[in-house]
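Start at 1 with the first residue, then count along the sequence. First listed ligand is number 1; within each ligand, the first listed atom is number 1.
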Amino acid sequence: MTDDSGHTMNKAPDRPRESMCVYAPMDAAERKSATAGRHTGIQQRACFPVRLRLILAFAAIFVYCAGVTLWTIYVLPAVHHKIRFLELADAYRHETAQMRRFEKNYFLYGTHLRDALLHTQKARSILSDNEADILKVMSRGRLTAMQKSLASYAAGLQKLAGGHSPEVRAEVQHRLRKYGHRLTADADAFSIQERRALDRTFSLLRTGPLILLAVLMIILFAAAWHINRKIVTALGRLTDFTERIAAGDYTRITFKKTRRDEFTQLATAMNQMIDEIEKRQEILVQSHKIRAIGNLVAGVAHELNNPLNNILLTAVSLQENYADLPPAEALEMLADIVGETERSREIVRNLLDFARQREREIKRLDLGEMLGRAIRLVSSQARMSKIRIETCIPDNLPPVHSDRQLLIQLFVNLLLNAVDALSQNAHGRIAVTVDAPTQAEYVAVSITDNGPGIPRRLQDRIFDPFFTTKPEGRGTGLGLSVSRNIIEQLGGFMRVESEVGKGATFTVYLPVTRVPH
Ligand code: ADP
């Protein structure tokens with residue numbers, strides 16, 4: 001399973017599961033070397049921390065806001081110039097209109113020539129006094145053309161003032177009309193054009209902020225989406241992963257990301273933490289195993305007593321009566337000695353086999369055989385306490401994948417607990433049954449005793465490390481917690497059912513192997 005942040009996580013088994021289980025656990029050594037490889041690999045990747053990404057995202061937003069502010073600072077003075085220019089254009093238009101009005105009066109009634117000249121002068125002054133402002137909005141060529149037209153118009157008026165013949169008057173009138181018409185048309189066009197430009201600027205000022213706001217929203221949404229995807233989702237996955245660790249699934253986080261960041265560092269640290277947890281659990285499992293061996297040794301010593309006594313008695317009898325015994329009988333006695341010695345050797349070998357420390361090796365195992373070995377190991381202990389062990393283990397059980405010693409230790413722990421619970425019971429009985437429906441994903445091994453049972457309020461607590469109801473020196477409180485840990489490592493789970501006074505049943509669910517072999 002791969003998350004958004006690029007972490008690959010193997011799913012821990014839900015328990016109990018409805019669907020068919022396909023389970024091929026990695027052993028500890030494999031997982032360790034895979035983790036070490038990944039750690040070195042991840043350190044070599046380019047680093048692109050989340051902090052840097054956040055800084056970049058906020059820097060982008062800052063640059064954008066600064067750009068918008070600068071744009072506003074630039075646009076507002078431009079608007080101011082346009083308004084100022086419009087005022088000038090209106091004044092200029094007014095002067096040209098007056099100048100034309102008085103010019104017409106002059107040709108109609110022979111009056112107001114001086115007024116016409118005065119307004120022409122005023123119009124020229126507007127252009128020359130505000131040249132700098134006008135040039136901000138208009139090209140120099142156009143301004144010069146207007147100034148030239150005004151100068152020609154003024155020259156025409158002055159010519160009329162200096163006296164003239166009717167032909168000159170007609171010629172000047174024609175010229176004045178031509179320039180006058182051009183001047184008013186220019187003034188109108190100019191004013192209208194600038195008013196339109198100002199309208200456009202105002203409408204830009206109205207819609208501009210909306211567009212800028214929309215772009216800012218997009219940037220913010222993109223940043224929020226990125227933060228959600230890269231940070232919140234990754235955090236969620238890591239939380240999910242810690243829950244898996246708490247549930248006993250120690251599959252390491254693998255990295256699909258191409259770059260290093262805080263999350264890959266956290267994932268690396270979590271993988272190292274899992275290594276540590278596994279190491280410590282290994283120590284716990286071993287120390288509890290040593291304790292179990294201590295318990296078994298007492299039973300084994302007791303068990304060895306019988307064959308050793310038999311050997312001794314037979315050997316002494318053989319020694320004393322050697323001369324009188326017929327050879328066939330002597331041979332029979334020797335065969336007894338050999339048989340008893342082999343029995344003793346088998347008892348000791350079984351214990352040694354369990355006690356020997358081996359490298360973990362997950363392989364396909366015969367569940368029936370593993371149960372048989374565990375039962376043989378505790379049988380001496382059971383016999384000492386006069387406890388009967390009954391078994392109902394069908395042939396052709398589906399194979400399971402596990403470490404041999406871990407699996408035996410798991411069953412030994414549960415059987416020794418049952419033996420302990422029955423130590424005061426005159427009719428102690430332990431039943432070991434296996435239930436393996438053909439299509440089921442788990443095979444269920446139940447160990448039932450008819451001991452005192454476990455009160456309901458304690459049933460959840462008995463799996464806690466160091467929880468024990470046994471007297472000081474007898475119980476460590478680690479048996480069930482180590483057993484649960486072992487079974488979770490194997491991809492299974494365990495249930496307890498018990499009624500006070502009627503006994504207890506511990507059922508171990510082991511995943512059935514369905515991988516090709
Ligand atoms: P320990 O055996 O050292 O006490 P365990 O973790 O194996 O530690 O067991 C915890 C407790 O669970 C025991 O002290 C006992 O009270 C209870 N328990 C375990 N198995 C049985 C059982 N078969 N019958 C009754 N109680 C049991």
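Applying the salt bridge (Lys or Arg N to Asp or Glu O under 4.0 Å) criterion to Glu497, with sequence neighbours excluded, gives no partner residue.
A donor-acceptor contact shorter than 3.5 Å links the side chain of Gln409 to the backbone of Val285.
By the 4.5 Å heavy-atom criterion applied to side chains, Leu480 and Phe506 are counted as neighbours. By the 4.5 Å heavy-atom criterion applied to side chains, Leu510 and Leu367 are counted as neighbours.
Here the options are Arg373, Arg356, Lys289, the test is side-chain hydrogen bond (donor to acceptor under 3.5 Å, both in side chains), and the partner is Gln405; only Lys289 passes.
Aromatic ring pairs are classed by plane angle as parallel below 30°, tilted from 30° to 60° and perpendicular above 60°; the pair Tyr442 and Phe493 is perpendicular.
Residues with a heavy atom under 4.0 Å from ligand 1: Asn417, Ala418, Ala421, Asp449, Gly453, Ile454, Ile462, Phe467, Thr468, Thr469, Lys470, Gly475, Thr476, Gly477, Leu478, Gly479, Leu480, Phe506.
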